[in-house]
Visitor: 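Here you go, one structure.
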2 protein chains.
Amino acid sequence: MSETKGSFTAASIRQEAQRLFAARGYAAVSMREIADAVGIRAGGLYNHFATKQDILRDLMTGHLGELLAAWDVTDPVNDTAEARLTAFARFHIRFHFEKPDAVFIAYMELRNLEPENFAAVEVLRRNYEGRLRAIFEAGAGKFCLEDSAVATRAMIAMLTGVTTWYKPGGRLSIDEVEEIYINMARRSVGLPALTKAPDEQGGTRHV
Amino acid sequence: MSETKGSFTAASIRQEAQRLFAARGYAAVSMREIADAVGIRAGGLYNHFATKQDILRDLMTGHLGELLAAWDVTDPVNDTAEARLTAFARFHIRFHFEKPDAVFIAYMELRNLEPENFAAVEVLRRNYEGRLRAIFEAGAGKFCLEDSAVATRAMIAMLTGVTTWYKPGGRLSIDEVEEIYINMARRSVGLPALTKAPDEQGGTRHV
DNA sequence: GTCTATATGGAGATAGAC
DNA sequence: GTCTATCTCCATATAGAC
């Protein structure tokens with residue numbers, strides 16, 4: 001059966017495949033490795049996913065669907081465009097901190113998707129981009145930018161990049177890194193950095 | 001012989017491997033495919049590279065070495081930090097437009113490097129990051145940023161991202177995209193967008 | 001330096017017992 | 001739903017003729 005969605009084993013396959021794909025890449029991970037991690041034999045995987053490709057597609061569409069849904073319930077739609085932009089940047093960074101494996105796969109494994117699956121994933125990815133672009137367009141005149149489509153891609157690339165280097169336990173806390181990225185994102189479209197409450201330390205400074 | 005550096009065949013292997021690795025990924029490309037693209041049999045590859053891994057290492061260290069060397073002859077070291085930052089952003093974008101395959105491999109195939117090769121590549125990558133960080137630190141007080149190491153990574157991620165979507169022949173020319181990215185990079189660290197000569201069109205505007 | 005031929009291993013996927 | 005066993009194919013890499 002392809003994708004028996006409810007079962008515990010299917011969830012375990014998703015989890016272990018996600019971990020392995022993120023660590024070493026889809027093409028480099030074998031079905032036997034996934035099965036070993038789950039604790040079954042390779043043949044057993046095929047009770048849940050018809051092909052290895054189906055696992056990848058399931059992970060990517062599932063992740064991007066969750067990302068979109070999570071933003072749509074976070075977006076302060078009745079607030080100012082400036083506030084919505086800040087909320088978007090904060091949401092994007094936090095989501096990426098919380099689900100680094102899913103995020104990594106979503107942008108590293110696009111080329112391993114078969115054409116039909118790639119098209120489906122692209123729709124979701126473009127929808128997410130569209131959410132940010134809509135904020136830029138809703139705030140026309142409030143931002144300083146040359147092109148909303150390019151600014152969208154540039155900003156998402158910048159924010160997503162945090163996953164490639166940040167590891168907990170380093171010099172900076174997650175909250176500190178988040179603040180820095182939000183301020184860079186805001187400044188990149190002409191907004192001032194966020195100001196902090198007077199009793200806090202470590203606000204924006206000139207170096 | 002591992003890596004007969006001067007031969008025409010070795011150069012052709014590098015070129016075809018780079019194209020194939022960029023398009024479909026190191027793990028998904030076979031030595032037979034590379035050989036076919038070069039016009040020899042698979043066994044003949046081993047006269048030039050001892051292993052498939054050696055081809056990848058050669059491509060990545062070669063690219064990063066070129067990137068560093070090219071920047072070091074471009075850097076206007078005696079100019080202001082602001083001018084050097086703008087020069088860096090422009091250089092980075094142009095280099096990435098000109099060598100998209102090499103760039104793509106350099107940041108997508110890190111996890112397919114064996115530990116020793118990964119370490120060597122990381123040294124080069126960190127050196128390049130260090131060039132930008134040094135500009136931020138040389139211009140202390142002129143930029144508005146919270147942390148030079150984080151700003152370096154965020155800015156490079158933003159600039160590099162252009163390779164993931166830009167295709168010639170679209171709505172915007174390379175020069176237009178370059179200008180937009182440079183302005184976003186400048187604003188992200190507190191600098192004003194570049195002003196254009198009065199007779200030119202399409203300068204920074206508010207949308 | 002390239003060829004043909006091959007060694008050796010592992011890949012994705014399937015069949016059928018339980 | 002998982003198992004064992006296996007099919008078929010292709011991977012990296014090597015040996016030795018030319």
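A, B, ... follow the sequence lines: proteins, then strands. Residue 1 opens every chain. The figures that follow rest on heavy atoms only: side chains count, while hydrogens, waters and symmetry mates do not.
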Visitor: Just to confirm, is there a sub-4.0 Å distance from OP1 or OP2 of dA11(C) to any side-chain nitrogen or oxygen of Ser30(A)?
Guide: yes

Visitor: Evaluate ring pair (Phe, Tyr, Trp, His ring centres under 6.0 Å) for Phe91(A) paired with His96(A), printing each intermediate quantity in order.
Guide: CA-CA 8 Å; Phe91(A) 164 81; His96(A) 282 54; 8.3 Å; no

Visitor: Using a strict cut-off of less than 4.0 Å between a Lys/Arg side-chain nitrogen and an Asp/Glu carboxylate oxygen, indicate whether Lys99(A) and Glu66(A) qualify as a salt bridge.
Guide: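 Yes, charged N to carboxylate O under 4.0 Å.
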
Visitor: Return the value, rounded to whole Å, for the distance between atom CG of Asp54(A) and atom P of dT14(C).
Guide: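 The distance from CG of Asp54(A) to P of dT14(C) comes to 11 Å, rounded to the nearest Å.
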
Visitor: Assess the residue pair Phe95(B) and His63(B) against the criterion (ring pair (Phe, Tyr, Trp, His ring centres under 6.0 Å)); give the C-alpha distance rounded to whole Å, side-chain angles, the decisive distance to 0.1 Å, and a yes or no.
Guide: CA-CA 11 Å; Phe95(B) 199 91; His63(B) 163 66; 5.8 Å; yes

Visitor: dT12(D) P sits how many Å from Glu114(B) CD, rounded?
Guide: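 Result: 13 Å.
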
Visitor: Taking the side chain of Arg41(A) as its heavy atoms from C-beta onward, which of dG1(C), dC3(C), dT4(D) lies nearest to it?
Guide: dT4(D)

Visitor: Just so I know, are the side chains of Arg125(A) and Leu67(A) near enough to count as touching, which here means a heavy-atom distance under 4.5 Å?
Guide: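 No, side chains not in contact.
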
Visitor: What contact category does Val29(B) fall into here, base, sugar-phosphate, or nothing, at under 4.0 angstrom with non-hydrogen atoms?
Guide: sugar-phosphate

Visitor: Measuring from the side chain of Ser7(A) (C-beta onward, heavy atoms only), which nucleotide among dG12(C), dA13(D), dG1(D) has the closest atom?
Guide: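 In terms of side-chain proximity for Ser7(A), the closest of dG12(C), dA13(D), dG1(D) is dG1(D).
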
Visitor: Asn112(B) CG to dT12(D) P: how many Å, rounded?
Guide: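 Roughly 12 Å, once rounded to whole Å.
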
Visitor: Would you indicate, yes or no, if dG10(C) has its OP1 or OP2 atom less than 4.0 angstrom from a side-chain nitrogen or oxygen of Arg32(A)?
Guide: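 Arg32(A) to dG10(C) OP1/OP2: no side-chain N or O under 4.0 Å.
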
Visitor: Roughly how many Å is it from OH in Tyr46(B) to P in dT14(D), rounded to a whole number?
Guide: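 Interatomic distance, OH of Tyr46(B) to P of dT14(D): 7 Å.
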
Visitor: Send over the distance from Gln53(A) CD to dG12(C) P, rounded to a whole Å.
Guide: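 Atom CD in Gln53(A) sits about 12 Å away from atom P in dG12(C).
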
Visitor: Using the closest heavy atom to pick a nucleotide of DNA chain C for each, name whichever of Thr51(A) or Ala42(B) lands nearer the 5' end.
Guide: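 Taking each residue's closest nucleotide, the earlier one in sequence belongs to Ala42(B).
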
Visitor: Please report, rounded to the nearest Å, how far the C1' atom of dA11(D) is from the CD1 atom of Ile55(B).
Guide: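 Answer to the nearest Å: 14 Å.
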
Visitor: Between Ile13(A) (CD1) and dA13(C) (P), how many Å, whole number?
Guide: 13 Å

Visitor: Determine, stepwise, if the pair Ser148(B) / Glu137(B) fulfils side chain to side chain donor-acceptor pair (under 3.5 Å).
Guide: CA-CA 7 Å; Ser148(B) 63; Glu137(B) 285 160 8; 2.8 Å; yes

Visitor: Let me know the distance between CE of Met31(A) and C1' of dG12(C), rounded to the nearest Å.
Guide: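 Computing the Met31(A):CE to dG12(C):C1' distance gives 7 Å.
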
